[in-house]
Amino acid sequence: MTADATTADPLRSSDITDWAATADVVIAGYGIAGVCAAIEAARAGADVLVLERTGGWGGAAALAGGFVYLGGGTPLQRALGFEDSPERMESFLLAAVGEQADPVRIADYCRGSVEHYHWLTDCGVHFKEEFWGEPGWEPPQDQGLMYSGGENAAPFHTLVPPAPRGHVPQMQNKRTGERGGGYMLMKPLVETAEKLGVRIEYDLRLQRLILDEDGRVAGIAARRYGQDLAVAARRGVVLATGSFAYNEDMVAAHAPRLIGRPAAAIEEHDGIGILVAQAVGAQVEAMDATEVAFFGDPQLLARGILVNGDGQRFIAEDTYPGRIGQAALIEQDNKAFLVIDEAAHDAGSKTTTATPFFRQQPTWVAETVAELEGEMGLPANSLQHTVSAYNEHAAGGADPVQGKKSEWLTPIGSPVAAFDMRGFTAGFPLGGLRTDLDGQVLDLTNTPIPGLYAAGRCTAGICTGGYASGASLGDSSFYGRRAGRAAAR
């Protein structure tokens with residue numbers, strides 16, 4: 001094994017003279033997918049070794065808001081008075097994800113959702129029986145349930161009876177972006193894994209896969225502080241290495257709208273798991289799909305109107321802000337402006353929010369919409385026509401253009417302001433390795449690659465187009481479990 005290995009091409013086990021470690025199941029990555037794979041593999045009787053490239057557990061999951069997208073009638077939903085079913089959940093996700101949806105995977109996930117809720121709680125994850133019903137990116141305190149995908153907004157609430165499915169682990173001393181719901185999800189799972197005897201090696205960077213003489217994946221080649229080493233896997237390797245958000249070449253090739261704007265990811269998400277798997281023939285899918293955050297305060301968005309570069313509304317402002325982000329970036333060339341009057345701005349600013357840093361001063365303020373339109377540089381009469389039509393319908397409690405709910409419909413008065421929100425988007429790619437429902441990585445003929453499994457953001461999960469908050473932690477944990485069990489077999 002050479003010290004100057006710089007490509008993702010696989011090595012042969014016959015060329016390895018010194019194995020640094022051996023386990024039944026070797027897992028690359030100790031985030032949400034990796035820890036769930038480790039738990040299930042260990043419970044299946046396997047000797048499990050996790051290789052983590054950083055100095056500690058958690059990955060991007062530990063820094064996340066913590067939504068786990070669950071439904072179908074979880075105990076938390078029922079305790080808080082919400083009816084749901086796997087069929088309703090499935091119908092919503094198919095509509096929300098759109099044309100690129102995988103109906104088989106979505107149906108599988110929805111039908112297993114209640115069982116997955118129980119699995120998480122049995123591992124020590126706790127969801128507080130309290131609902132947060134206000135617009136927001138996440139609950140401001142430790143509430144356990146929230147709408148997190150636009151289920152209660154147009155167009156979905158007229159297609160499927162809405163139910164909140166954003167389950168947030170209860171947290172203590174919340175610090176958004178540092179120690180929130182994601183941390184409180186990871187902590188009990190890590191404790192569970194380590195009680196089961198899972199071994200962990202930190203500061204190990206995945207370099208390549210190792211194949212035996214039959215072409216089966218038999219281990220991992222890694223590097224620690226410049227030293228190359230090999231780890232053998234008697235039963236299987238599980239890749240749980242995250243997305244390619246911080247691989248500039250991969251982003252440019254597959255998801256160019258995200259160039260220069262990664263978010264909700266960590267720098268270790270460099271696509272290495274995808275690359276090493278492709279080097280042994282793995283198939284990828286939905287590589288152009290992206291989650292998109294929108295850096296606006298949902299309480300203000302719902303009370304105003306969002307217009308594009310032509311001064312026209314393009315989405316219901318009371319929907320999931322991730323849908324707003326996708327619409328702004330993908331459909332509106334990243335051009336968006338929030339128009340809101342003083343009374344609505346003041347009312348929204350007085351509400352409680354988990355993201356106060358999104359509440360900035362407006363870019364323009366004017367006495368009339370005509371003046372504001374001129375200051376914004378919009379086409380003549382465009383904003384005036386938009387506001388006039390909106391006000392006419394809002395006075396009657398209706399929004400036939402975008403379908404915003406009546407509770408947020410108030411005519412825009414004076415003085416009026418606008419926020420320049422062009423470029424207020426960032427996100428992470430949703431595509432990755434194609435796997436079967438047991439987490440086996442598939443080659444270009446849809447045949448499982450022997451000994452190779454994957455889960456999490458290095459795979460294409462349930463959201464391969466539209467997105468709902470909690471889908472990443474949800475399918476990463478759900479299919480991490482599957483991959484761990486399959487690898488242990």
Trainee: For a quick check under 3.5 Å, do Tyr479 and Asp108 share a side-chain donor-acceptor pair by atom type?
Mentor: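 Tyr479 vs Asp108: donor-acceptor pair found between side chains.
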Trainee: Please check: side-chain N/O of Gln326 versus main-chain N/O of Gly465, any donor-acceptor pairing under 3.5 Å?
Mentor: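 Yes: the side chain of Gln326 pairs with the backbone of Gly465.
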Trainee: Side chains of Thr435 and Arg105: donor-acceptor distance under 3.5 Å anywhere?
Mentor: yes
Trainee: Assert yes or no for the condition that the ring centre distance of Phe131 to Phe82 is strictly below 6.0 Å.
Mentor: yes
Trainee: Under a 4.0 Å threshold between the charged nitrogen and the carboxylate oxygen, would Asp24 count as salt-bridged to Arg489?
Mentor: no
Trainee: What distance do Leu275 atom CG and Cys458 atom SG have between them, rounded to the nearest 0.5 Å?
Mentor: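 Spacing of CG (Leu275) from SG (Cys458) equals 11.0 Å.
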Trainee: If only atom types and distance count, is the side chain of Arg482 paired as donor or acceptor with the main-chain N or O of Leu437 below 3.5 Å?
Mentor: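 Yes; at least one donor-acceptor contact below 3.5 Å.
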Trainee: Would you check if there is a donor-acceptor pair between the side chains of Gln170 and Asp142 at a distance under 3.5 Å?
Mentor: yes
Trainee: Going by atom types only, do Thr464 and Asp102 share a side-chain donor-acceptor pair under 3.5 Å?
Mentor: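 Side-chain D/A pair, Thr464 to Asp102: absent.
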Trainee: Short question: side chain of Glu40, backbone of Gly484 - any donor-acceptor pair under 3.5 Å?
Mentor: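 Answer holds: no.
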Trainee: For Asp438, what residues pass the side chain to side chain donor-acceptor pair (under 3.5 Å) criterion, not counting sequence neighbours?
Mentor: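 Partners of Asp438 by the side chain to side chain donor-acceptor pair (under 3.5 Å) criterion come out as none, since no residue qualifies.
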Trainee: From Gln141 CD over to Thr352 OG1, what is the distance, rounded to the nearest 0.5 angstrom?
Mentor: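 Answer rounded to 0.5 Å: 6.0 Å.
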Trainee: The test is side chain to side chain donor-acceptor pair (under 3.5 Å); show your working for Gln227 and Arg223 and say whether it passes.
Mentor: CA-CA 5 Å; Gln227 178 183 1; Arg223 182 174 295 162; over 6 Å; no
Trainee: For residues Phe424 and Phe294, establish whether the separation of their ring centroids is below 6.0 Å.
Mentor: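 Phe424 vs Phe294: aromatic centres not under 6.0 Å.
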Trainee: Could Lys195 and Glu191 be called an ion pair, given the rule that one side-chain N must be under 4.0 Å from one carboxylate O?
Mentor: no
Trainee: Establish, for the pair Arg261 and Phe428, whether the NZ or CZ atom is under 6.0 angstrom from the six-membered ring centre and no further than 45 degrees off its axis.
Mentor: no
Trainee: When you compare the side chains of Asn334 and Thr425, does any donor N or O come within less than 3.5 Å of an acceptor on the partner?
Mentor: yes
Trainee: Can you confirm whether the side chains of Arg434 and Asn446 place a donor and an acceptor under 3.5 Å from each other?
Mentor: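 A pair is found: one side chain offers a donor N or O, the other an acceptor, under 3.5 Å apart.
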Trainee: Any chance the rings of Phe127 and Tyr117 have centres within less than 6.0 Å?
Mentor: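 Yes.
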Trainee: Does either side chain, that of Thr74 or that of His167, offer a donor lying less than 3.5 Å from an acceptor on the other one?
Mentor: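 Note: Thr74 and His167 side chains meet the donor-acceptor criterion.
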Trainee: Take atom NZ in Lys128; do more than 12 heavy atoms of anything else shown fall under 6.0 Å from it?
Mentor: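 Yes - once you tally the heavy atoms of other residues, nucleotides and ligands closer than 6.0 Å, there are more than 12.
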Trainee: Which atom names give the shortest non-hydrogen contact between Ala468 and Cys463, and what distance separates them?
Mentor: N-SG, 4.0 Å
Trainee: Are the side chain of Arg78 and the backbone of Gly73 linked by a donor-acceptor contact shorter than 3.5 Å?
Mentor: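 Present.
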Trainee: Thinking salt bridges, do Arg224 and Asp203 make one under a 4.0 Å N-O criterion?
Mentor: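 No, Arg224 and Asp203 are not salt-bridged.
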Trainee: Heavy-atom count check: over 12 atoms from other residues, nucleotides or ligands less than 6.0 Å from Glu115 CD?
Mentor: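 Buried by this count: over 12 neighbours within 6.0 Å.
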Trainee: Thinking salt bridges, do Asp9 and Arg208 make one under a 4.0 Å N-O criterion?
Mentor: no
Trainee: Looking only at the aromatic ring of each residue, does the gap between the centers of Tyr183 and Trp57 stay below 6.0 angstrom?
Mentor: yes
Trainee: Under 3.5 Å, is there a donor-acceptor pair between the Arg457 and Ser472 side chains?
Mentor: yes
Trainee: Look at atom CD of Gln361 and say whether more than 12 heavy atoms of other residues, nucleotides or ligands are closer to it than 6.0 Å.
Mentor: no
Trainee: Where is the tightest heavy-atom contact between Ser243 and Ala245, given as atom of each residue plus distance?
Mentor: OG-N, 3.2 Å
Trainee: Of all residues at least two apart in sequence or in a different chain, which pass the side-chain contact (heavy atoms from CB on, under 4.5 Å) check with Val168?
Mentor: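 If we apply the side-chain contact (heavy atoms from CB on, under 4.5 Å) test to Val168, skipping adjacent residues, the hits are Phe67, Pro139, Met171.
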Trainee: Is the backbone of Ala316 close enough, under 3.5 Å, to the side chain of Thr319 for a donor and an acceptor to pair up by distance?
Mentor: no
Trainee: Any chance the side chains of Thr351 and Arg359 put a donor and an acceptor closer than 3.5 Å?
Mentor: yes
Trainee: Please check this pair: side chain of Arg235 against backbone of Asp47, looking for a donor-acceptor N/O pair closer than 3.5 Å.
Mentor: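 Here the side-chain-to-backbone pair does not exist.
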Trainee: Is it the case that the ring center of Tyr246 lies less than 6.0 angstrom away from the ring center of His269?
Mentor: no
